[in-house]
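Everything quoted here is computed from the prediction, not taken from an experiment. Lettering of chains follows the sequences in order, A, B, ..., and the numbering in each one begins at 1.
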Amino acid sequence: MNVPNRARLRDTHVTLSHGGGGRAMRDLIDEVFASAFRPDAMEDQARLSDAALAEPGARLAMTTDGFVVTPLEFPGGDIGKLAICGTVNDLAVGGARPLWLSAAFIIEEGTEIALLRRIAATMAAEADAAGVRIVTGDTKVVGRGAADGVFVTTTGVGVIPPGRDLAATHIRPGDVAIVNGVLGDHGATILAARGDLALSTDIRSDCQALGHLMEAVIAAAPGTRAARDATRGGLASALNEMAEAAGVGVGIEEEALPLRDEVKGMCEILGLDPLYLANEGTLVLFVPEAEAEAALAAMRDRPEGRGAVIVGRATGDHPGQVRMRTAFGGARIVDMLVGEQLPRIC
Amino acid sequence: MKYATEFRDPKAARAVLARIAGLADQIGATKARPVHIMEICGGHTHAIFRYGLDKLVHEGIEFIHGPGCPVCVLPMSRVDECVEIARRPGVIFTTFGDAMRVPGTKMSLMQAKAAGADIRMVYSPLDALELARRNPERKVVFFGLGFETTTPSTALSIQQAAREGLENFSVFCNHITVPEPIRALLDDPHMVLDGFVGPGHVSMVIGIHPYDFIARDYGKPIVVAGFEPLDLLQSVLMVLIQIRDGRAEVENQYARVVPEHGNPVSLAAIDDVYEKRPSFEWRGLGEIDRSGLRIRAKYRAYDAEETFGIGYAAGPRVVAEPEGCACGQVMTGRIKPTGCAQFGSGCTPEMPLGALMVSSEGACAAYWQYGGARISEAVE
């Protein structure tokens, strides 16, 4: 641990010298990031103990993701929380226990140091809660205009216990599709937080780490086939990917979809479909019907899964397609999102 | 938004559907000899497919998807002109989001933005005004697009700019009107139409009387409708009742929102700022007399066509539709989207060839997106 006793970082905004490799950069890293993340050693390469891999048959899982979001702070989270949860969730839905993370920052010249401190603090708190350690990182400063505030890339390493094998290809007709709670809150929050909509809402991002929830589900429903983190592209895209990979159809019920009235209302006004709105703490999983009740009960026991509901099931018909039965009893295809959703004019 | 849920009540819908079926039988509508009802507005087309209403109504009712999507009917020449303005030095070009993907002959606004043009998505022309205030050294152009629904807000932004004396704000005016293309369709000898469902949002502004000619001169019923599924179904029922009774009238299903004579404040703003163009080009339909609006001479300083010397100010430019594109035929109800040779192969939402695939409210996009073409059997 090499965190200085005395604060040396007196600047209020990041300058190019904070990326120059000298003392200013050292101070920034020590005081903003290392003091928050408390890694075991200040070296570029973390040396990981093999204790977690001691069980025969355990496998390593690794994932990486870049995070860019405007605004950097929003109701329910900030870019740092996204960067932790996003990577933890990628590992978790693959069946891995998330253990270690790296964090790389690309910072635009002129960024407030106080903002960086807040981001580092949420990252540290979120990592603690998720049971992961941030063990290494990198910091680069780029000129004003070359980046949009702060970009964060996190890479995660986890361990998949022996005998655990989640994959969309395991989904069978009859399996039940479950989500852990309301849909679209993150996408709606970001839209509202950008401030150009003149919409005031109380919606908060659902940004949360799902590692503990996944462990609870798998313990209660060991036959769980597959899980996905329904992020960009929303529930619709996650289900389409799974249907295609498994070669099954997926049928969902419009009336079963958990949506807040505020999110529905905002989508009505803007001409958006909440099924495609991004989520940052939404789990979609397929479990055999016989284990569905156990999975639901285990999820509802945890705060991240309080709103767990069955939204549909896999079918042997129309392989690769997701279809929705509307509240009217009509049917429609729920396709992959084309491009990005753009608000309509009238 | 709880208000909306009342208009999505499945039980009430089933009751209306049953009455529609009864009336359809009574007037002898069959799959082979259907009643053709045109929903003019793209928002209605979208709702029909989103809720699967086309599959739920009696097989003797056939929806013809009209030209009421401003993004769909925007001609390529105008998209080219948008790109041309946006690429001029010092310009900030502002647009509603759904116009971003419309293809021009060389590129869309989305592609022009990626190529370096300063194009920004806004949610209201007032956002563009604010950009102009904050960037006095730049010329901020607002892409005025849409039917009577969006026309007043553009007019208000021009009036506001004039009051403030803002010199760096202008509007590229592509506002169009609903009644004229309907008249053009009714004059088309190939059209088979038995009744209309009219756009409620438009009538909030203009009232219901601009449609009187449909009933009076052409003997067709028209019902101004809201956008919830029950609104639509009830309007279809009202059209059928008129047909059964041998009546042709303008009726207002959307009376909870639509005043008979429209909104006087909006109408005054429209009248102050715009005048009719002699003619305007529609994608898939060609030039239609007096179907577009231009900015009056007294607001010439805010007319981007004048200040940039482009568009109709530079002489009309008609660009041919892409080869094989049958949008015009789909829009006039001569064929279904699936009847177009390009549908789903040469033309998809990812790579739209024609107008009706461009906007999510276009008939082809709605057909594709919600699977009207791909759900062959009803889902149980």
message: Counting only heavy atoms from other residues, nucleotides and ligands, does the tally under 6.0 Å from CZ of A:R260 exceed 12?
response: no

query: Which atoms form the tightest heavy-atom contact between A:R332 and B:R50, and what is the distance?
result: CD-O, 3.2 Å

query: What is the minimum heavy-atom distance between A:T326 and B:Y51, and which atoms define it?
result: OG1-O, 3.6 Å

- request: Over all heavy atoms of both residues, which pair between B:P10 and A:A327 is shortest? Give the atoms and the distance, please.
  value: CG-O, 3.1 Å

message: I need the residue from B:P229, B:S124, B:C69, B:A13 with the largest number of non-hydrogen atom pairs under 4.5 Å to chain A.
response: B:P229

Pairwise distance OH(B:Y370) to CG(A:D273) - rounded to 0.5 angstrom: 5.5 Å

field: B:R19 atom CZ, neighbour heavy-atom count above 12 within 6.0 Å
entry: no

Straight-line distance of A:I333 CD1 to B:W368 CH2, nearest 0.5 Å: 8.5 Å

- prompt: Is atom CD of A:E108 surrounded by more than 12 heavy atoms (other residues, nucleotides or ligands) closer than 6.0 Å?
  reply: yes

query: Around atom CD of A:E112, are there more than 12 heavy atoms of other residues, nucleotides or ligands at under 6.0 Å?
result: yes

message: Under 4.5 Å from any heavy atom of chain A, what part of B:L17 do you find: side chain, backbone, both or neither?
response: neither

message: Need one label for B:L233: side chain, backbone, both or neither, based on atoms under 4.5 Å from any heavy atom in chain A.
response: side chain

CZ (B:R133) with more than 12 external heavy atoms under 6.0 Å: yes

task: Could you tell me whether B:R138 atom CZ has more than 12 heavy atoms of other residues or ligands within 6.0 Å of it?
output: yes

